[in-house]
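Atom set for the values below is all heavy atoms of this structure, side chains included, hydrogens, waters and symmetry mates excluded. Residues: numbered from 1 along the sequence shown. Atoms within each ligand, like the ligands themselves, are counted from 1 in listed order.
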Amino acid sequence: MKIEVENSVKNTQILCGFVLENSDKVLGLKKIDSKTMLSVNQSLKDMKGKLGEITIIPSPDKKPAQRILLAGIGKKENLTKDTFRNVSGKIAQKIREIKLKEFSIIIPPNFVYEQISSISQIVEGVKMSLYKFDKFKIQKEIKSPDLTIIVSKSKKILQHVKISEIVAEGAIFTKSISNLPPNECTPTTLANFAKSISKKNKMKCKIISKTELKKKGFGGITAVGAGSKNEPKLIILEHNNGSRNQKPIVLVGKAVTFDTGGISLKPGQSMDEMKFDKCGGTTVLGIMKSISELKLPINVVGIIPSVENMPGGESYRPGDIIKLFNGKTAEILNTDAEGRLILADALAYGEKHYSPKVIIDFATLTGACIIALGNNVAAVVSNNEQLKKKIVDSSKKTTEDVWELPLTQDYMDMIKSDVADVKNIGIGKAAGTITAAAFLRNAIKDTPWVHFDIAGVAWTQGAATKEKSYNPKGATGFGVRLVLDYLQNFKN
Ligand code: BES
Ligand code: MG
Ligand code: ZN
């Protein structure tokens with residue numbers, strides 16, 4: 001797909017404009033020929049402009065547009081930071097369905113909605129909604145139509161469109177790797193993806209393999225990875241574009257390429273979905289790709305512990321006591337609580353080696369998170385009020401919703417072990433998301449840190465996931481846009 005910006009409408013197969021509820025105008029539509037205007041006005045009378053309503057009308061003279069598409073966006077007071085993203089995605093999917101090669105969208109005027117925001121929503125909505133996971137189908141989706149944006153062209157707008165494209169491509173990259181089946185995506189595959197984006201975008205990339213992990217004391221990663229013939233990897237990407245003495249931001253992502261539960265085997269139902277247990281790691285990959293393409297003037301390190309959690313003769317077991325990278329010992333009581341073990345190693349490594357300013361981690365960590373918050377809001381847990389506030393601000397801007405859960409000392413106490421420093425599960429099912437976060441908190445000292453539990457939001461989970469055009473069935477890339485917003489506004 002190609003995106004262009006034009007000052008006025010050139011010849012186009014279909015000209016698309018937004019309509020507020022019960023309005024008799026197409027937002028931003030300048031005079032077109034009178035015959036076409038007549039049929040547009042006629043359709044506006046029939047149309048209610050309800051959110052998501054789409055009407056296509058032929059244009060009699062076929063110039064400059066062969067057809068006109070009217071897209072309802074509801075009442076002005078109900079416009080959100082997601083409306084244009086969602087509706088634009090619907091427009092794009094409709095255009096693909098009717099097999100047009102290109103389309104033009106008129107940007108609404110600033111007094112109706114802030115243009116910079118509507119433009120980025122439109123670019124993201126169109127790009128993300130046209131992505132389809134069809135790598136393994138012989139019959140591929142037809143080619144995505146090209147978008148032309150109608151808005152008075154300026155340097156600022158052009159630059160903004162470019163940024164939005166890179167952000168959307170980051171999220172799509174994350175989706176496309178997350179959707180890969182577990183037989184086609186092992187820790188080694190992820191390491192290869194990291195290498196290839198590092199080569200293209202001049203990042204440093206280091207892969208630590210099994211023997212070295214053992215030697216260096218990554219007891220969590222090697223224990224969880226022991227049961228699979230697909231060996232564990234620790235993937236590290238460095239984007240160094242800030243000044244030398246600037247402390248980096250460390251991003252950590254759980255990448256369990258398949259989570260069977262290990263010896264504490266999961267029940268069979270929906271186990272296939274555990275291919276998405278790598279989504280924390282793929283989120284970090286997508287963010288790193290975009291950061292490097294945006295050439296953000298900061299230092300960022302992406303750390304991705306990747307394993308496959310399998311039962312087998314070599315697997316770790318309930319009852320084992322292992323030593324984590326930071327020297328603390330952990331009693332294993334359930335091999336299905338594996339994410340926190342590999343993350344603890346990666347977090348401790350990140351803090352020790354990079355003395356970061358901030359650590360952010362992503363993980364499909366707990367089923368309990370889905371019970372607590374459902375499939376439309378991620379949980380965040382943090383040790384730093386200021387950092388958390390900034391994350392919440394970015395979340396509001398990108399509409400990737402989060403809610404904070406409290407990490408009080410009482411919950412830290414719930415993972416103390418009788419026989420080791422910590423144990424890898426809390427007490428029964430109580431506050432499972434918080435006790436998991438408590439385990440992670442134990443891995444680091446006092447670096448400002450925020451943890452995202454994305455178990456409910458990393459992929460669409462049937463009707464419980466609110467339908468959004470730009471998140472078709474499968475992985476969503478949750479967090480990529482949010483963190484890119486945070487990093488674009490990062491001040492040292
Ligand atoms: N990857 C799962 C969490 C998960 C489950 C995410 C379902 C999304 C959907 C994680 O490794 C896990 O198995 N957690 C256990 C922890 C428990 C044993 C303390 C869980 O949530 O059941
Ligand atoms: Mg598990
Ligand atoms: Zn898991």
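Classified by interplanar angle (parallel below 30°, tilted 30° to 60°, perpendicular above 60°), the ring pair Phe84/Phe18 is perpendicular. Ring orientation note: the planes of Phe362 and Phe452 are close to parallel, at an angle under 30° on the 30°/60° scale.
Between Glu165 and Lys127 there is a salt bridge, since a side-chain N of the basic residue sits under 4.0 Å from a carboxylate O of the acidic one. Ion pairing between Glu385 and Lys388 holds under the 4.0 Å rule for side-chain N and carboxylate O. Look at Asp446 and Arg441 and you find a salt bridge, because one of the NZ, NE, NH1 or NH2 atoms lies within 4.0 Å of a carboxylate O, short of that distance. For Lys200 and Glu293, the salt-bridge test fails: no basic side-chain N is under 4.0 Å from an acidic carboxylate O. The pair Lys416-Asp413 meets the salt-bridge criterion, with a side-chain N (NZ, NE, NH1 or NH2) lying under 4.0 Å from an Asp/Glu carboxylate O.
Of all the N, O or S atoms in Asp259, the one closest to the Mg ion (ligand 2) is OD2. The name of the N, O or S atom in Glu338 nearest to the Mg ion (ligand 2) is OE1. Among heteroatoms of the N, O or S kind in Asp259, OD2 lies nearest the Zn ion (ligand 3). As for Glu338, its N/O/S atom nearest the Zn ion (ligand 3) is the one called OE2. The Zn ion (ligand 3) sits nearest to atom OD2 when only the N, O or S atoms of Asp277 are considered.
For Lys254, a nitrogen or oxygen atom sits less than 3.5 Å from a nitrogen or oxygen atom of ligand 1, counting backbone and side chain alike. An N or O contact shorter than 3.5 Å is missing between Asn334 and ligand 1 by distance.
For atom 10 (C) of ligand 1, the closest non-hydrogen atom of the protein is Leu365 O, 3.3 Å. Among all non-hydrogen protein atoms, the one lying nearest atom 2 (C) of ligand 1 is Asp259 OD2, 3.6 Å. When hydrogens are left out, the protein atom nearest atom 19 (C) of ligand 1 is Ile425 CG2, 3.5 Å; that is the closest non-hydrogen contact. Taking atom 1 (N) of ligand 1 as the reference point, the nearest protein heavy-atom neighbour is Asp277 OD1, 2.8 Å. The protein non-hydrogen atom at the shortest distance from atom 16 (C) of ligand 1 is Arg340 NH2, 3.8 Å. In this structure, atom 20 (C) of ligand 1 lies nearest to the protein heavy atom Gly367 N, 3.9 Å.
Side-chain atoms of Ser120 and Glu124 form no donor-acceptor pair, as typed in the model, at a separation below 3.5 Å.
Residue Glu338 has at least one heavy-atom neighbour below 4.0 Å for each of these atoms of ligand 1: 11 (O). Distances below 4.0 Å separate heavy atoms of Thr364 from the following atoms of ligand 1: 1 (N), 2 (C), 3 (C), 6 (C). Every atom of ligand 1 is numbered from 1 in the order shown, and the set under 4.0 Å from a heavy atom of Thr366 is 3 (C), 21 (O). Within the listing of ligand 1, atoms 8 (C), 9 (C) sit less than 4.0 angstrom from a heavy atom of Trp459. Every atom of ligand 1 is numbered from 1 in the order shown, and the set under 4.0 Å from a heavy atom of Ala455 is 6 (C), 8 (C).
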Practice prompt. Evaluate side-chain hydrogen bond (donor to acceptor under 3.5 Å, both in side chains) for Thr257 paired with Thr186, printing each intermediate quantity in order.
Written response: CA-CA 6 Å; Thr257 59; Thr186 64; over 6 Å; no

Worksheet item: Taking it one step at a time, do Phe136 and Leu180 satisfy side chain to side chain contact (heavy atoms under 4.5 Å, CB included)?
Response: CA-CA 9 Å; Phe136 295 90; Leu180 292 176; 4.0 Å; yes

Practice prompt. Please step through side-chain hydrogen bond (donor to acceptor under 3.5 Å, both in side chains) for the pair Asn309 and Thr260, ending with a clear verdict.
Written response: CA-CA 6 Å; Asn309 188 18; Thr260 64; 5.1 Å; no

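Counting only heavy atoms, the protein never gets under 4.0 Å from atom 22 (O) of ligand 1.
In this structure a side-chain-to-backbone donor-acceptor pair under 3.5 Å is present from Glu53 to Lys50.
Contact analysis puts Lys266 in contact with ligand 1, with a non-hydrogen atom separation below 4.0 angstrom. The closest approach between any non-hydrogen atom of Ile370 and ligand 1 is below 4.0 Å. Remark: distances from the non-hydrogen atoms of Met271 to ligand 1 are all 4.0 Å or more. Within the 4.0 Å heavy-atom cutoff, Met274 counts among the residues contacting ligand 1.
Remark: Gln409 CD is packed, more than 12 non-hydrogen atoms of other residues, nucleotides or ligands lying under 6.0 Å away. Annotation: Gln386, atom CD; neighbour count of heavy atoms from other residues, nucleotides and ligands within 6.0 Å does not exceed 12.
Backbone or side-chain N, O or S atoms of Asp277 do not reach the Mg ion (ligand 2) at under 2.8 Å. Checking Ala337 against the Zn ion (ligand 3), every N/O/S atom stays at or beyond the 2.8 Å cut-off.
Heavy atoms from both the backbone and the side chain of Asp336 come within less than 4.0 Å of ligand 1.
Phe276 and Ala475 make their closest contact through CE2-N, 3.8 Å (heavy atoms, listed as atom of the first residue, atom of the second, distance).
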